[in-house]
Amino acid sequence: MSIPRFAVIGHPVAHSLSPRIHTAFGRQLGIALEYGTIDAAPEQFESALASFAAAGGTGANITLPHKARAASVCEHLSDRARRAGAVNTLLRTDAGWEGDNTDGVGLVRDLTQRHGLDLRGRRSLLIGAGGAAAGVAPALLDAGLADLFIVNRSRGRTDALAAALGDRARVHPHHWDDLGGLGGFDLVIHATSAAHGGAAPSLPGGLLAPRGAAVDLGYGAAATGFLDWARASGAGSAIDGLGMLVEQAAESFLRWHGARPDTAGVYAMLRERDAAPVTGD
Ligand code: NDP
């Protein structure tokens, strides 16, 4: 019997920790698998995916900048992928690709279970409106946030994400220039890719309420600038995206293999080797 093939498709993607995470999960549960990386520029996404399927690929993770595009190639979308308008997990079926989004459940599980945060009632700010922001927003609303303000460099994407989320009582799209006047937030989530190309966006003081929680979906060097800002702003918790990465991977693994891995050991291994420590509760 041939070993099932999986891959993460992104651009860039060489840095991805997903191959190590899925290989470790497979070893833990005695499930044989191959998991590689596929670097595809935006215009190459569809052809790269078709080649992967032709070569026997059975499942893929999708990372920046392809998450919205991936949703458009699916024959079927899970409810959470449809609400997000973005896909981070593809499953090959006889009918074609099925798309799911495990980013939101991964983030909420990391924040509530690993870091013990109660998200209910929090006045919250989401910075960014790309694939990752779209993926996490529905799950954050489901976790009981009081409000979700959204700002993004391009206003059109902010409005599109807010419209897709509905819930006009709790979702408030704003222009980036409004940031200084929005008051303090109990939860600030940084979901831009700006640090990959240089530095995290500079943010005004007073954005984080005293002892508020600050979360960067990035990890390692990409999270340093935002988390430094958060600590300087008096954050009660400053959390990077490493735990989310492991949790969303576990949820993808469950979809593909029907078994949920234990994430604690893999998280500890990656924390030790690849990313600066988290501070706060
Ligand atoms: P996308 O390419 O889909 O979106 C990029 C986002 O970043 C857009 O909102 C874009 O704004 C914004 N942006 C890019 N450059 C700048 C800049 N210089 N200043 C301000 N905003 C900028 O990427 P993703 O949403 O998929 O990824 C975003 C981040 O989340 C990445 O750091 C990624 O590594 C991380 N991530 C972490 C995960 C985890 O498991 N921990 C999972 C998924 C993502 P605009 O619309 O104006 O272009």
Side-chain angles (χ1 to χ4, degrees), residues 8-18 20-22 40-42 45 61-72 80-81 84-89 100-111 114-115 125-137 139-140 150-162 164 173-177 179 189-204 215-227 229 239-253 263 266-267 270-271 274-275 278:
V8 55
I9 307 176
H11 186 65
V13 77
H15 66 282
S16 174
L17 297 175
S18 292
R20 282 168 58 189
I21 295 172
H22 281 273
F45 176 73
N61 283 128
I62 306 300
T63 188
L64 85 171
H66 301 310
K67 289 183 179 179
R69 205 163 183 140
S72 69
R80 55 195 181 188
V87 157
N88 81 331
T89 304
D100 196 2
N101 195 312
T102 65
D103 281 340
V105 70
L107 175 64
V108 169
R109 195 169 286 145
D110 180 57
L111 297 183
R114 180 170 289 111
H115 297 291
L125 172 66
L126 180 61
I127 304 171
V136 301
L140 288 167
I150 305 173
V151 295
N152 187 53
R153 182 177 59 176
S154 320
R155 177 67 198 243
R157 257 172 135 180
T158 320
D159 292 340
L161 176 55
H174 275 271
H175 198 275
W176 192 282
D177 297 340
L179 264 180
I189 298 174
H190 177 231
T192 85
S193 59
H196 292 285
S202 80
L203 299 171
V215 180
D216 196 321
L217 300 194
Y219 46 85
T224 306
F226 175 78
L227 295 181
W229 169 85
I239 297 168
D240 71 5
L242 193 70
M244 170 186 167
L245 180 77
V246 177
E247 297 303 328
Q248 61 79 28
E251 191 76 10
S252 296
F253 193 96
T263 55
V266 174
Y267 173 76
L270 296 178
R271 174 64 65 203
D274 292 282
V278 182

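Counting convention: from 1, in listed order, for ligands and their atoms alike. The structure displayed is predicted, hence computed values, not measured ones.
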Proximity flag A222 to ligand 1, non-hydrogen atoms under 4.0 Å: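 Contact absent.
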
Which residue owns the protein heavy atom closest to [atom], what's the atom, and how far is it?
{"atom": "atom 47 (O) of ligand 1", "value": "S154 OG, 2.4 Å"}
{"atom": "atom 34 (O) of ligand 1", "value": "H196 NE2, 3.2 Å"}
{"atom": "atom 48 (O) of ligand 1", "value": "R153 NH2, 2.8 Å"}
{"atom": "atom 23 (O) of ligand 1", "value": "L64 CB, 3.4 Å"}
{"atom": "atom 14 (C) of ligand 1", "value": "S193 OG, 3.4 Å"}
{"atom": "atom 12 (C) of ligand 1", "value": "T192 CB, 3.6 Å"}
{"atom": "atom 37 (C) of ligand 1", "value": "L217 O, 3.0 Å"}
{"atom": "atom 25 (O) of ligand 1", "value": "A132 N, 2.7 Å"}

Write down the atom of [X], the atom of [Y], and the distance for their closest heavy-atom approach.
{"X": "H190", "Y": "A200", "result": "CE1-CB, 4.1 Å"}
{"X": "T63", "Y": "V8", "result": "CG2-CG2, 3.9 Å"}
{"X": "T158", "Y": "P173", "result": "CG2-CB, 3.8 Å"}

Test item: R69 side-chain N/O and P42 main-chain N/O as donor-acceptor pair under 3.5 Å: yes

D103 side chain vs A132 backbone, donor-acceptor pair below 3.5 Å: no

Contact check: G218 vs ligand 1, nitrogen or oxygen atoms, below 3.5 angstrom: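 No - when backbone and side-chain N and O of G218 are compared with those of ligand 1, no distance drops under 3.5 Å.
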
G241 N/O under 3.5 Å from ligand 1 N/O: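 The answer is yes, given that G241 and ligand 1 share an N or O pair closer than 3.5 Å.
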
Inter-residue atom distance T102.OG1 - Q248.CD, 0.5 Å rounding: 4.5 Å

For A191, the ligand 1 atoms whose distance to one of its heavy atoms is below 4.0 Å: 28 (C)

K67 neighbourhood, listing ligand 1 atoms whose heavy-atom distance to it stays under 4.0 Å: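 Those qualifying, in numeric order: 42 (C), 43 (C), 44 (C).
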
Aromatic plane relationship, H22 with F253 - under 30° parallel, 30 to 60° tilted, over 60° perpendicular: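 Parallel, since the angle between the ring planes stays under 30°.
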
L242 side chain reached by L17 side chain, heavy atoms, under 4.5 Å: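 When only atoms from C-beta onward are counted, L242 and L17 do touch, with a gap below 4.5 Å.
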
D240 and R271 ion-paired at < 4.0 Å: yes

Closest to atom 3 (O) of ligand 1 (judged by heavy-atom distance), picking from G131, P65, G128: G131

Option set G243, S18, A194, criterion heavy-atom distance to atom 19 (N) of ligand 1, minimum: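 Answer by nearest heavy atom: A194.
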
Which one holds for [X] and ligand 1: side chain close, backbone close, both close, or neither close, with close meaning a heavy atom under 4.0 Å?
{"X": "N152", "answer": "side chain"}
{"X": "D103", "answer": "side chain"}
{"X": "R157", "answer": "side chain"}

Distance-only donor-acceptor check, side chains S252 and N61, under 3.5 Å: yes

Criterion side-chain contact (heavy atoms from CB on, under 4.5 Å) on L125 and L179, from CA distance to verdict: CA-CA 10 Å; L125 172 66; L179 264 180; 3.9 Å; yes

